[in-house]
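As structure tokens, the structure follows; a few thoughts come after it.
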Protein chains: 2
Amino acid sequence: MSGKPYAQYCGLARALDVVGERWSLLIVRELLIRPARYSDLLAALPGVATNLLAQRLRDLETGGVIERRLGRPGQGVVYALTDWGAGLRETVEALLRWSTPLMTPGPGSDAVRPHWLELALTALLAGRTAVPAAEIALETAGTVLMVRADQSGPAVTALAPPAELPGAMTVLRAEPPVILGLAAGTLTAEQAIAAADLAGDPGALRQIFTRPAPP
Amino acid sequence: MSGKPYAQYCGLARALDVVGERWSLLIVRELLIRPARYSDLLAALPGVATNLLAQRLRDLETGGVIERRLGRPGQGVVYALTDWGAGLRETVEALLRWSTPLMTPGPGSDAVRPHWLELALTALLAGRTAVPAAEIALETAGTVLMVRADQSGPAVTALAPPAELPGAMTVLRAEPPVILGLAAGTLTAEQAIAAADLAGDPGALRQIFTRPAPP
DNA sequence: CCGCATCCTCATGGATACTG
DNA sequence: CAGTATCCATGAGGATGCGG
């Protein structure tokens, strides 16, 4: 940590001492999706100052959350989560599920990165049992996200270019990018619900739509 | 939120805009345990400045996370979570589980509040199926926490004074307060594991003890 | 007492420029 | 590419005041 600690013998306080400062969890988000280099992080975190990113990476490393790896020779440093750091997935997914009401206003002028959808989709489908071989794909901002559900649960992968798409598959198109159509746009609530049904968990998204809304 | 928003169309970023600032999640922690008044929060959050606490309470209220209630006549304002704010329980419990390795060094000079253990115990036992009628109690810092497990899962309640304790019940004593004996102290790891076994989930705590450790 | 608001100081974050 | 150095704006922390 870089700021002053809470100095409380409470797991939440000590966890926040490690990952509670500004940008820290967003860096973890990026590395939960895939390991990244400094410049990748800079691009994925618009608005972060370069010194602050460097500082946070140091903090997270000394905190045992991430580690520096040497990429293939000639390539620079690659940051990745440690085993313990990867354990933040549950926390991040819980926050992503909690945040769905905040997504309904749509992107507005906010930055958009298609790969964020991978995590969001995974979080929304996490822990849900799915029918084997059920498949959907979501095309958004030129990237196709494929949800392939089997006995081990749903998995989300990114396919680019879209040409890699397997043949007979339901593809939902959404522009601008949306979290399963939660924002107003070309993907309607009905379509999103249908997508969840296809993914093997009928009613899952209907439940999400009826969450208590924020102001 | 009070600071500047991340301006990212990502659920995590938007969630952190609401509850990501300093002290916010610790306030949520307190209200997850029970509704509280301003002075209760001040006492439970040592180190927080009074103006900052007031500011955060305003932020969380306009964010739809908490609400002000009028206590019984003569009593002041009571803060409580909204339905949506209560949805942060999953996030907080995930962080509490993730943080267990950070608790092994013990309290040191950190502040200690027995009621924090209620949440921690609940988080550690969350989602685990338990044998009906299995019961343990943990006495720490003058408070007795009772874990009563039934079909709906384990529940943790605080009993004070200890005299209220039902008759034939296993009581583990720990001083100073510990998270199920994870810290060095009078409650050994073996006792804590035995406590988890009693609570109906053999091996649960053994699993926690073998998590990858932080630096 | 309780529930804040004000004032002040200093650490932290943000933006930009620069370097090995 | 992967950061450091610098400067300024902002927010945190501590003390104190004050109306109900």
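For D/dG13, one of the phosphate oxygens OP1 or OP2 lies less than 4.0 angstrom from a side-chain nitrogen or oxygen of B/R22. Side-chain nitrogen and oxygen atoms of A/R68 include at least one within less than 4.0 Å of the OP1 or OP2 phosphate oxygen of D/dG3. At D/dG11, none of the side-chain N or O atoms of A/K4 fall inside 4.0 Å of OP1 or OP2 (strictly under the cut-off). Residue A/Y6 places none of its side-chain N or O atoms closer than 4.0 Å to OP1 or OP2 of D/dA12.
Atom P of nucleotide C/dG3 and atom CG of B/L70 are separated by 11 Å, given to the nearest angstrom. In this structure, A/L41 places its CG atom 13 Å from C1' of D/dC1, rounding to the nearest Å. One atom, CH2 of B/W23, and another, C1' of D/dA12, lie 10 Å apart when rounded to the nearest Å. Atom C1' of nucleotide D/dA12 and atom CD of B/E21 are separated by 11 Å, given to the nearest angstrom. Note: CG (A/L42) to P (D/dC1) measures 10 Å, nearest angstrom. The nearest whole Å value for the distance from the CZ atom in B/R37 to the P atom in C/dC1 is 13 Å.
Ring geometry for B/W23 against A/Y6 counts as perpendicular: the plane angle is over 60°, on a 0 to 90° scale with 30° as the lower cut.
Looking at heavy-atom distances under 4.0 Å, A/Q55 makes no contact with the nucleic acid at all.
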For nucleotides 17-19 of chain D, list the nitrogen or oxygen atoms of the protein found under 3.5 Å from its nitrogen or oxygen atoms, one pair per line.
none

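When distances run from any side-chain atom of B/R58 to the nucleotides C/dC4, C/dG14, C/dA5, the shortest one goes to C/dA5. The side chain of A/Y38 sits closest to D/dG3 out of D/dA12, C/dA15, D/dG3.
If you find the closest nucleotide of DNA chain D to A/S39 and to B/R56, the one lying nearer the 5' end belongs to A/S39.
Listed by residue number, the members of residues 45-54 of chain A with any heavy atom below 4.0 angstrom from DNA chain D are A/T50, A/N51, A/A54.
Atom CG in A/L88 sits 11.5 Å away from atom CD in A/E93 (nearest 0.5 Å).
In this structure, A/R69 and A/E67 have side chains that are in contact, with non-hydrogen atoms separated by less than 4.5 Å. Side chains of A/E30 and A/W116 form a contact here, defined as non-hydrogen atoms less than 4.5 Å apart. For the pair B/V77/B/R68, a side-chain contact is recorded, criterion being any heavy-atom separation below 4.5 Å from C-beta on. Using a 4.5 Å heavy-atom cutoff, the side chains of A/R34 and A/H115 are in contact.
Counting only N and O atoms by type, the side chains of A/N51 and A/Q55 include no donor and acceptor under 3.5 Å apart.
Contact detail for B/R29 and B/L45: the closest heavy-atom pair is NH2-CD1, 3.6 Å.
Both the sub-6.0 Å distance and the 45° axial angle are not jointly satisfied by B/R113 relative to the ring of A/Y9.
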